[in-house]
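Below: one structure in structure tokens.
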Protein chains: 2
Amino acid sequence: MQEGTFTAPGYSGETARPAPNVYAADCPTRLLLDRIADKWSVLILTTLGPGERRFNGLKRHIDGISQKMLSQTLRSLERDGLVQRDVVPTVPVSVTYAVTPLGRELLDALQAMIDWAERRMGTVASAQVAYDRREEELSLIA
Amino acid sequence: MQEGTFTAPGYSGETARPAPNVYAADCPTRLLLDRIADKWSVLILTTLGPGERRFNGLKRHIDGISQKMLSQTLRSLERDGLVQRDVVPTVPVSVTYAVTPLGRELLDALQAMIDWAERRMGTVASAQVAYDRREEELSLIA
DNA sequence: CGGAATCCGCACAGATACTG
DNA sequence: CAGTATCTGTGCGGATTCCG
């Protein structure tokens, strides 16, 4: 087994405890975030959105990803049923990846977030500049 | 300054290079993911969704978050213009956090993803079990 | 109450080399 | 082409302590 395998936090030793609150650590949103709130998962999904791609095709398209992280994240997505891996036994072997129907659903659900990023990341960048400038001024007083 | 300040990757030494492709490292989606694709940002935003909260109120509601990460992530969200911090000079001082209009927009955009998690994380969990069982069988053959 | 400062482990991510 | 194996380091995130 390779080092990082994206295992769930796994609250195993929970034998009849207070159970803090229901929003808690096992709410669906947190479980989802634990899986796709990383640097590459969403990028891979969106890249596969228009159609299937091969390993090195993905690697070329997603600038800066290492083959290790690509391989690792693809396996995680495959395990979660979001991506399907198909091996075509040519010589040399050719492997294609595609989003599953479940992955397509998630991709659709993520689209609003992606659209927001296109529209608003400029505003966010401005907010940062303004914030940093205020901080700068405050530190000059002291 | 505290240790982690969520600075951008910062491609500084890029003096006239090939510039791989346009999807690249500075597309809006990646910039957004670099900021909110962490363990706590989305959780804090959704917790602030219904209305403003105080520091320890947030800490109590988000099970498992440490003071450091709460403080750090709140500052990051404030810097990005997504969350507003208000200090009420009572004794002792009371500080409230609320989503800004920009943060509200993002929250709305994230809602589809959250809804999907509610509906489908069960399916994802099943897919994992099935995947792990297949892997188990394969390793038994070898 | 609402943090800041410090210490520290370990998981994650990158680089490199090798394989079928 | 499509990966795995191994080494290494950085920084994320937790625990603890202290402060206005």
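So you know, we letter chains A, B, ... as the sequences are listed, proteins then strands, and number each from 1.
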Integer-rounded Å distance: C:dA13 P and B:D38 CG = 13 Å
Among D:dA15, C:dA13, D:dT17, which nucleotide sits nearest the side chain of B:K68?
-> D:dA15
B:R85 or A:V93, whichever maps to the more 5' nucleotide of DNA chain C = B:R85
Starting at CG of A:D63 and ending at C1' of C:dG14, how long is that distance when rounded to a whole Å?
-> 14 Å
Between P of D:dG13 and CD1 of B:I62, the distance in whole Å = 14 Å
Flag, side chain of B:T46 to backbone of B:V42, donor-acceptor distance under 3.5 Å | yes
For C:dG3, does either OP1 or OP2 sit under 4.0 Å from a side-chain N or O belonging to B:Y97?
-> yes
Counting heavy atoms from C-beta on, name the nucleotide in D:dC1, C:dA4, D:dG13 closest to the side chain of A:R60.
-> D:dC1
In whole angstroms, how far is the C1' atom of C:dC12 from the CZ atom of A:R35?
-> 16 Å
Between D:dG14 and B:K39, is there an OP1 or OP2 to side-chain N/O distance shorter than 4.0 Å?
-> yes
Is there a donor-acceptor pair closer than 3.5 Å between any side-chain N or O of A:R104 and the backbone N or O of A:G49?
-> yes
Starting at NZ of A:K59 and ending at C1' of C:dG14, how long is that distance when rounded to a whole Å?
-> 11 Å
Out of C:dA13, C:dT16, D:dG13, minimum distance to the side chain of B:M69 belongs to D:dG13
Measure from the side-chain N and O atoms of A:R35 to the backbone N and O of A:S76, and report whether any donor-acceptor pair falls under 3.5 Å.
-> no
In whole angstroms, the gap separating P of C:dT19 from CD of A:Q67 amounts to 16 Å
Can you check whether A:W40's main-chain N or O pairs, donor with acceptor, with A:D38's side chain at less than 3.5 Å?
-> yes
Side-chain heavy atoms under 4.5 angstrom apart, residues restricted to Ile, Leu, Val, Met, Phe, Trp, Tyr: same cluster for B:Y131 and A:L45?
-> no
Report yes or no: does B:S41 contribute a side-chain atom to a donor-acceptor pair with the main-chain N or O of B:A37 at less than 3.5 Å?
-> no
Would a distance-only check, ignoring hydrogens and angles, find a side-chain to backbone donor-acceptor pair under 3.5 Å from B:K59 to B:I65?
-> yes
B:L43 backbone acceptor or donor facing B:T47 side chain under 3.5 Å | yes
Taken in chain and number order and not counting sequence neighbours, the residues that satisfy side chain to side chain donor-acceptor pair (under 3.5 Å) with B:Q111 are B:D115
Of the residues in residues 49-58 of chain A, which ones touch DNA chain D at a heavy-atom distance under 4.0 Å?
-> A:R54, A:F55, A:N56
Does B:T100 reach the main-chain N or O of B:Q84 with its side chain, forming a donor-acceptor pair under 3.5 Å?
-> no
Five pairs at each end of the helix from C:dC1-D:dG20 to C:dG20-D:dC1: take the axis at both ends and give me the angle between them to 10°.
-> 50°
Among the nucleotides C:dA4, C:dA13, D:dT4, which one has an atom lying closest to any side-chain atom of B:S71?
-> C:dA4
How long is the line joining CD of A:Q72 and P of C:dA11, in whole Å?
-> 13 Å
Quick one: A:I65 CD1 to D:dA2 P, roughly how many Å, whole number?
-> 14 Å
